[in-house]
Amino acid sequence: MKLLFEHMRIPKTYRINTERCILRCVCEQDIPHVFSATRFQGFNDGMLWEAPQSIEELHEPLQRNLQAWDFGLAYTFTITCVYTSTFLGRISIRKHNEVEGVWNLGFWTHPEYQRQGYMTEAARAIVEFGFTVLEAERIEAYHALWNTGSEKVLKRIGMKFVCYIPQGFQKHGKWVEENLLAIERKDWRALKET
């Protein structure tokens with residue numbers, strides 16, 4: 001399979017630093033932390049993937065994340081604390097399957113570190129990475145209607161409501177309603193200048 005974005009292949013050693021966080025490529029050492037997050041009641045309710053039954057189930061998704069990174073299709077970062085190296089969560093930016101220049105943002109914070117502003121900081125950095133390094137024209141994100149925490153993060157980083165999706169994704173045999181939010185490159189530039 002031919003590498004996409006061959007002219008700007010991003011090495012797995014790539015790091016993004018914010019005031020309190022380090023964003024780095026996912027690795028094997030993250031697996032126990034990911035598994036521990038999935039043990040919290042309701043953690044996976046707003047996500048497309050189900051909570052694993054065993055820690056071993058997380059090895060295959062890790063390999064898919066690393067392969068997607070190699071092919072320039074998606075970049076999944078682990079977020080750690082700059083001071084303590086504590087695992088805080090995950091954030092990814094994925095190339096849209098059909099529309100050139102459009103990328104999709106997704107993230108989660110370990111339940112022990114939610115509501116401390118880490119994800120807003122990380123998401124702001126990933127949006128900048130998307131527009132400056134990946135040369136995105138637009139970055140989108142979906143959130144389950146009930147997930148007001150994610151909605152707040154998206155609005156804080158400048159995303160605006162695009163549309164309501166009554167049948168976003170299926171969870172436990174039922175449809176989960178979603179909202180789509182997005183930010184265009186020109187609007188991001190304007191925000192940077194204010």
Report, one line per pair, each donor and acceptor closer than 3.5 Å where one atom sits in a side chain of residues 41-48; sequence neighbours left out.
residue: N44; atom: ND2; partner: W49; partner atom: O; Å: 3.2

[Y] and [X], any side-chain heavy atoms less than 4.5 Å apart:
{"X": "P32", "Y": "L58", "value": "no"}
{"X": "T38", "Y": "E57", "value": "no"}
{"X": "K12", "Y": "R24", "value": "no"}
{"X": "P52", "Y": "F35", "value": "yes"}
{"X": "I183", "Y": "F131", "value": "yes"}
{"X": "W188", "Y": "T132", "value": "yes"}
{"X": "C27", "Y": "D30", "value": "yes"}
{"X": "I91", "Y": "I79", "value": "yes"}

Cluster overlap [X] with [Y], hydrophobic side-chain contacts below 4.5 Å:
{"X": "F71", "Y": "V26", "answer": "no"}
{"X": "F87", "Y": "L66", "answer": "yes"}
{"X": "F77", "Y": "V82", "answer": "no"}
{"X": "L181", "Y": "L191", "answer": "yes"}
{"X": "V102", "Y": "V162", "answer": "no"}

- Query: Around R189, counting heavy atoms of other residues, nucleotides and ligands shown, do more than 12 lie under 6.0 Å from its CZ?
  - Reply: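 Incorrect, the count does not exceed 12.
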- Message: Within the supplied structure, the quantity of interest is the number of heavy atoms (other residues, nucleotides, ligands) at a distance under 6.0 Å from R94 CZ; does it exceed 12?
- Response: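 Counting other residues, nucleotides and ligands, CZ of R94 stays at 12 neighbours or fewer.
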What's the separation between atom [atom1] in [X] and atom [atom2] in [Y], rounded to the nearest 0.5 Å?
{"X": "I157", "Y": "R124", "atom1": "CD1", "atom2": "CZ", "answer": "7.5 Å"}
{"X": "H143", "Y": "I165", "atom1": "NE2", "atom2": "CD1", "answer": "9.5 Å"}
{"X": "Y75", "Y": "S92", "atom1": "OH", "atom2": "OG", "answer": "12.5 Å"}
{"X": "I126", "Y": "M119", "atom1": "CD1", "atom2": "CE", "answer": "9.5 Å"}
{"X": "L105", "Y": "Y142", "atom1": "CG", "atom2": "OH", "answer": "12.0 Å"}
{"X": "T78", "Y": "L23", "atom1": "OG1", "atom2": "CG", "answer": "8.5 Å"}

- Within the distance-only criterion (no hydrogens, no angle test), does the side chain of E140 pair as donor or acceptor with the backbone N or O of L180 below 3.5 angstrom?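 Between the backbone of L180 and the side chain of E140 there is no qualifying donor-acceptor contact (under 3.5 Å).
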- Measure from the side-chain N and O atoms of W69 to the backbone N and O of I10, and report whether any donor-acceptor pair falls under 3.5 Å.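 Such a contact is found between W69 side chain and I10 backbone.
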- Identify, with sequence neighbours excluded, every residue that meets ring-ring contact (aromatic ring centres under 6.0 Å, His included) alongside Y118.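 None.
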- Ion pair check, E60 and R64, cut-off under 4.0 Å: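 The answer is yes: the pair qualifies as a salt bridge.
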- Item | F107 vs L154, side chain to side chain contact (heavy atoms under 4.5 Å, CB included): CA-CA, chis, key distance, verdict | CA-CA 10 Å; F107 52 77; L154 298 173; 3.6 Å; yes
- Item | Candidate pair V34 and L62, rule side chain to side chain contact (heavy atoms under 4.5 Å, CB included), full reasoning | CA-CA 10 Å; V34 175; L62 171 67; over 6 Å; no
- Task: With sequence neighbours left out, write down each residue that passes salt bridge (Lys or Arg N to Asp or Glu O under 4.0 Å) with E178, or none if nothing qualifies.
- Result: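 If we apply the salt bridge (Lys or Arg N to Asp or Glu O under 4.0 Å) test to E178, skipping adjacent residues, there are no hits.
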- Message: So, using salt bridge (Lys or Arg N to Asp or Glu O under 4.0 Å) as the criterion, who are the partners of E137 when residues are at least two apart?
- Response: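 With neighbours one apart ignored, the set is R185.
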Give the minimum heavy-atom separation between [X] and [Y], together with the two atoms involved.
{"X": "L88", "Y": "T80", "result": "CD1-C, 3.7 Å"}
{"X": "W103", "Y": "A136", "result": "CD1-CB, 3.5 Å"}
{"X": "G168", "Y": "W175", "result": "N-CE3, 4.1 Å"}
{"X": "A125", "Y": "T18", "result": "CB-CG2, 3.6 Å"}

- Task: Kindly state each residue pair satisfying side-chain hydrogen bond (donor to acceptor under 3.5 Å, both in side chains) with at least one member in residues 154-167, sequence neighbours excluded.
- Result: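 Those involving residues 154-167 are T120-R156, E151-K155, Y164-E177.
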- Task: Could you list all the side-chain hydrogen bond (donor to acceptor under 3.5 Å, both in side chains) pairs where at least one residue sits in residues 105-115, not counting sequence neighbours?
- Result: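 Sorted pair list: S36-H110.
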- Which is it for C25 and N65 under the side chain to side chain contact (heavy atoms under 4.5 Å, CB included) test, yes or no, and what are the steps along the way? CA-CA 9 Å; C25 183; N65 285 333; over 6 Å; no
- Message: Using the rule given for side chain to side chain contact (heavy atoms under 4.5 Å, CB included), can you reason through Q116 versus E121, listing the C-alpha separation, both sets of side-chain angles and the distance that settles it, and then say yes or no?
- Response: CA-CA 10 Å; Q116 295 177 45; E121 204 172 303; over 6 Å; no
- Parallel, tilted or perpendicular: ring planes of Y14 versus F129, cut at 30 and 60 degrees: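 Because their plane-to-plane angle lies in the 30° to 60° range, the rings of Y14 and F129 count as tilted.
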